[in-house]
Number of protein chains: 2
Amino acid sequence: MTVTLADVAARAQVSPATVSRVLNGNYPVAAATRERVLRAVADLDYVLNGPASSLAAATSDLVGILVNDIADPFFGIMAGAVQSEIGGPGGRAGGERLAVVCNTGGSPERELTYLTLLQRQRAAAVVITGGAIEDAGHAQALTAKLQRLSEAGTRVVLCGRPPAPGTEAIALTFDNRGGGHRLTGHLLSLGHRRIGYIAGPEERTTTRHRLEGHREALADAGLPTGEELTVHGPYDRGSGYEATLELLRREPGLTAVVAANDTVALGACAALRESGRRIPDDVSVCGFDDLPFSVDAVPALTTVRLPLSDAGARAGRIAMGREKEPPGGVATVRGELVVRGSTGRA
Amino acid sequence: MTVTLADVAARAQVSPATVSRVLNGNYPVAAATRERVLRAVADLDYVLNGPASSLAAATSDLVGILVNDIADPFFGIMAGAVQSEIGGPGGRAGGERLAVVCNTGGSPERELTYLTLLQRQRAAAVVITGGAIEDAGHAQALTAKLQRLSEAGTRVVLCGRPPAPGTEAIALTFDNRGGGHRLTGHLLSLGHRRIGYIAGPEERTTTRHRLEGHREALADAGLPTGEELTVHGPYDRGSGYEATLELLRREPGLTAVVAANDTVALGACAALRESGRRIPDDVSVCGFDDLPFSVDAVPALTTVRLPLSDAGARAGRIAMGREKEPPGGVATVRGELVVRGSTGRA
DNA sequence: CTGTTAGCGCATTCAG
DNA sequence: CTGAATGCGCTAACAG
C-alpha cells in the first residue's frame, strides 16, 4: 500500500541500504547509483517514514521551541529567528529539520508536558524562550527534565531566561535588571519622582528582574522603592489599562508610569488618555522590549530594545552546534535604552 | 541505558504487552495490575519512545500547524487557538498530543517542505492557516501533497484560506472580499472619493480578495476602480509606510487610505503624520483583522474584525474530529466592520 | 562503493 | 484479563 524503502530499492535495483545512504547523504554513493535511486524515489513518490527512521537511528530531526505565548510577537520574533537557523540543510534525513514551536501558555505543567513529548520524540534539540516560573517545585522538576533530555543527547538552549543550575543547558540571558535600571534612571534624570510601576505576573524571572532594576535605580537615587506604586498583572494590554487606573487611584499626582513591557505600556497609554492626561506632558510612559509596533505608538514609546531576533538566531545556531557555546555556558544579552516621545520632563 | 517498555514490564512483573495496554488505555486491564505498572513507570522514570510507538501503530500524535509568519499576531492568535483545542487528553499515548507550529515565512517551498516533514512523521492532522500563494505550479504541487496526506490518514484543515479543490481538506474561509467591500463602502458613505489602497503581496489569495472587495465597492458606486492608487507590498509596517509616501506622491489630494491589514495601517498612519496630515481630519485610514493593538492606535483604527481565535479553535476541533465538518467541507467566516476614530468625513 | 544481517522499541494479533 | 510471538520501516555495523 504505502511505498517503502524496499520498494524504492527494488525499482532502482539496489539494496535498501544503498537507498538509505543516498537519502541521508552521509555516506559515499556512486553518482550513477544515486541518480537511479533518486529517480525511483521521484517515480514512486516515496516519503521516508520518520518514526522508523528515528527509531533505527535513535535520534530525530525534530527541534522543539517552547514559547510562553505564541500570540505575543515577543515570542514570535524569537521563535522565527531560532527556526530560521534550524531549517535548511544539515538535518539527517533529506537534509531538513522540523522546527516546531510549542505554546506553553505560561503554564508550568504544559512546559513540562511539552518537554516530555519532545523527549518522547527524541528531539535533536530544544530551545526554551522567555522567562521562567519561580516555583521551587517546578524548578526542581524542570531541572530534572532538562538533565534527562541532555543525557538522552538532546541539546538544550535557554533564550531569554536565566541559567538553570544543575543542568547542561546553555543560557542566553537578557539583562532585564540592567534594562529596568536604565529605564528608571532615565525617568529620574528627567525629574520624575512619583513613578508608578506595572509589573508582569509574579513568580516570573522576567518580572522580578525588571522590577528589581527599577527599584535599584530608585534606591541609587536615595528614593523610597515605592512598593505601594507597584501593581502586578499579566503581560497584556488589558493589564496595563487596569493597572494604570489603579495607580491613578492610589496616586493621582503620578508623573510617570513604567510598564512591564510594550504591550502593557500601550494599555497604560490608553488609560491615561481616557483620564484626560497628556503623554508625556502630564505623565511619561515607558515600555520594554521595543516590539515593532512601539515606534508607531503616539507618542512613540521610550523603551528598552532587546535584540530578540539576534538572540533567537544565536540560540538556534548553538542548538545546532554551529556556534561555539559561550564560556561557562552562559551569555548575557544587554538591552539598549531607546528614548522616544513618550517620556519628557516631569 | 535508556529504560524501555521491557524494563517497566520486568519491574512490574507483567508482560510488555500489558504495559503497552495500560499506557495506551485502550484496552481493559485489571486495576491492581494497572497500579503496579504505573508505579513501575514512575519509579523508573520511563518515557515512551515516540518513534517506536508511531512506527508500530502506524500513526503519531503530532499535529502540525502551518503559519506564514510566526512573528505576526494574526497567525499567533490562530495558532494558539488551534493548539488549545488539540492539547489535552485524546491523544494515543499518554493522552497528550504534540501540537507543533511550523513557520513557512510565506514561502511556497517551505510550505511544501513542512508538509513533507509532517507527512514523514505520519502526523495525525495538519492545520494550514492564512492565505495561499496563487501560483499554478505551486497550487498543483500543494493539491497533490494534501491529497497524499489525506490518503495517509492525516486530517487536513485550512483556516483562513480558500478551499483546495481536488482535495479532501476542510476549509474555514475568511470572507475577505466581503470585508473589503464593507470597509470601502464605509469610506464612500463618508464622502471619500480619492482612496488609496495598500495591498498585500501579489499572488496571495488574501491580498486579491480584499482588493477585489474594495474595487467592487468602488464599482458599485459607479466610481473608477482606481488601479493607479493601488500599491502592493508585504504585510508589514514598513510596507505601509513606504506605500503611503508613494500614494501621496501620486495623489497629494488623497482623503483616505485602505491598508491590507492593521499592521500595514500603522505604517500608513506614521507616514501620514510625518507628512503633516491629521487622521482622520485630513486623511482617513483603515486596516483589516482588528489585531489587539488596533484599538490602542491613536486614533483607534477602523477595521474589519476577523474572529481569529474562534476560527482557529474550530479548525482545531475539526482536525481532532471533535466537531462536525461544515456541509460541503467549506464554511465561510465573516468579518465585522468596526468603525473607530481613524475614519471620518471626507 | 555496495549488499547482508540484525535489531531499534513498541503495538498487535492470537492464544490462553 | 494477560502473555508470547510477530513485524512496523529503517539504519548501522559488518563483510565483501
Side-chain angles (χ1 to χ4, degrees), chain A residues 1-38 40-41 44-62 91-95 119-122 124 152-153, chain B residues 1-38 40-41 44 46-61 91-95 119-122 124 152-153:
Chain A
M1 200 192 67
T2 154
V3 26
T4 75
L5 232 205
D7 299 329
V8 176
R11 188 173 230 274
Q13 311 195 74
V14 295
S15 73
T18 299
V19 177
S20 173
R21 292 196 264 253
V22 334
L23 256 29
N24 291 310
N26 47 11
Y27 216 81
V29 174
T33 313
R34 173 203 301 303
E35 267 314 297
R36 213 147 20 96
V37 170
L38 290 180
V41 166
L44 297 172
D45 204 25
Y46 169 70
V47 174
L48 185 67
N49 182 316
S53 169
S54 296
L55 172 58
T59 164
S60 83
D61 277 336
L62 257 193
R92 243 185 51 259
Q119 180 183 6
R120 189 178 280 183
Q121 302 296 331
R122 305 303 188 248
Chain B
M1 198 192 65
T2 154
V3 25
T4 74
L5 233 204
D7 299 330
V8 176
R11 187 173 231 271
Q13 310 193 77
V14 294
S15 73
T18 300
V19 177
S20 172
R21 292 198 262 254
V22 333
L23 255 30
N24 291 308
N26 46 12
Y27 215 81
V29 174
T33 313
R34 173 202 303 303
E35 266 315 297
R36 214 147 20 97
V37 170
L38 290 179
V41 166
L44 296 173
Y46 169 70
V47 174
L48 184 67
N49 183 316
S53 170
S54 296
L55 172 58
T59 165
S60 84
D61 277 333
R92 241 184 51 259
Q119 179 183 7
R120 192 179 278 183
Q121 301 296 331
R122 304 305 189 249

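These numbers come from a predicted model, not from an experiment.
- Atom OG of residue A:S20 and atom CG of residue A:L48 lie 8.0 Å apart, to the nearest 0.5 angstrom.
- Rounding to the nearest 0.5 angstrom, the gap separating the CG atom in A:L5 from the CG atom in A:L44 is 11.0 Å.
- At the phosphate of D:dG3, OP1 or OP2 sits under 4.0 Å from a side-chain N or O atom of B:T18.
- Remark: P of D:dC8 and CZ of B:R120 are 21 Å apart, rounded to the nearest angstrom.
- When atom types are taken as modelled, the side chain of A:S54 and the backbone of A:G50 share a donor-acceptor pair closer than 3.5 angstrom.
- For B:T4 and C:dG9, the shortest distance from a side-chain N or O to OP1 or OP2 is not below 4.0 Å.
- Rounded to an integer number of Å, the gap from B:Q13 CD to D:dT2 P is 14 Å.
- Among the heavy atoms of the strands lying under 4.0 Å from B:V14 are primed sugar atoms or P, OP1, OP2 only; no base atom is included.
- At least one side-chain nitrogen or oxygen of B:T33 sits closer than 4.0 Å to the OP1 or OP2 atom of D:dT2.
- In the helix from C:dC1-D:dG16 to C:dG16-D:dC1, the rotation axis of the first five pairs and that of the last five pairs differ in direction by 20°, rounded to 10 degrees.
- Of the side-chain N and O atoms in B:S53, none sit less than 4.0 angstrom from OP1 or OP2 of C:dC10.
- With D:dT2, C:dT4, C:dG9 as the candidates, the nucleotide lying closest to the side chain of A:A17 is C:dT4.
- In this structure, B:A58 reaches neither bases nor backbone, as no heavy-atom distance under 4.0 Å exists between it and the strands shown.
- Taking atom CD on B:E35 and atom P on D:dC1, their separation rounds to 15 Å, with Å as the unit.
- The CG-C1' distance, from A:L44 to D:dG9, rounds to 15 Å in whole Å.
- Computed from coordinates, the B:N49 CG to D:dC8 C1' distance equals 13 Å when rounded to whole Å.
- For the atom pair B:R122 CZ and A:T2 OG1, the distance stands at 5.0 Å (nearest 0.5 Å).
- A donor-acceptor pair is defined here as one N or O able to donate and one able to accept, closer than 3.5 Å; such a pair exists between the side chain of A:S60 and the backbone of A:Q121.
- A distance of 10.0 Å separates CZ of A:R34 from CG of A:L23, quoted to the nearest 0.5 Å.
- In terms of phosphate contacts, B:N24 brings a side-chain nitrogen or oxygen within less than 4.0 Å of OP1 or OP2 of C:dA11.
- Take B:R11 and apply the salt bridge (charged side-chain N to carboxylate O under 4.0 Å, His left out) test, not counting sequence neighbours, and it matches B:D43.
- Checked against C:dT2, C:dG9, D:dT11, the side chain of A:S20 finds its nearest nucleotide in D:dT11.
- Nearest-nucleotide assignment on DNA chain D puts the 5′-proximal partner with B:A31, out of A:L55 and B:A31.
- B:R36 places its CZ atom 13 Å from the C1' atom of D:dG3, with the value rounded to the nearest Å.
- In this structure, A:L48 atom CG and D:dC8 atom C1' are separated by 14 Å, rounded to whole Å.
- Contact between A:P51 and B:L55 at its shortest, heavy atoms only, is CB-N, 3.8 Å.
- Nearest-nucleotide assignment on DNA chain D puts the 5′-proximal partner with B:P16, out of A:A52 and B:P16.
- Judged by atom type and distance alone, B:R21 reaches the base of D:dG3 through a side-chain donor-acceptor pair under 3.5 Å.
- Residue B:L5 contributes atom CG, which lies 13 Å from atom P of C:dC8 at whole-angstrom precision.
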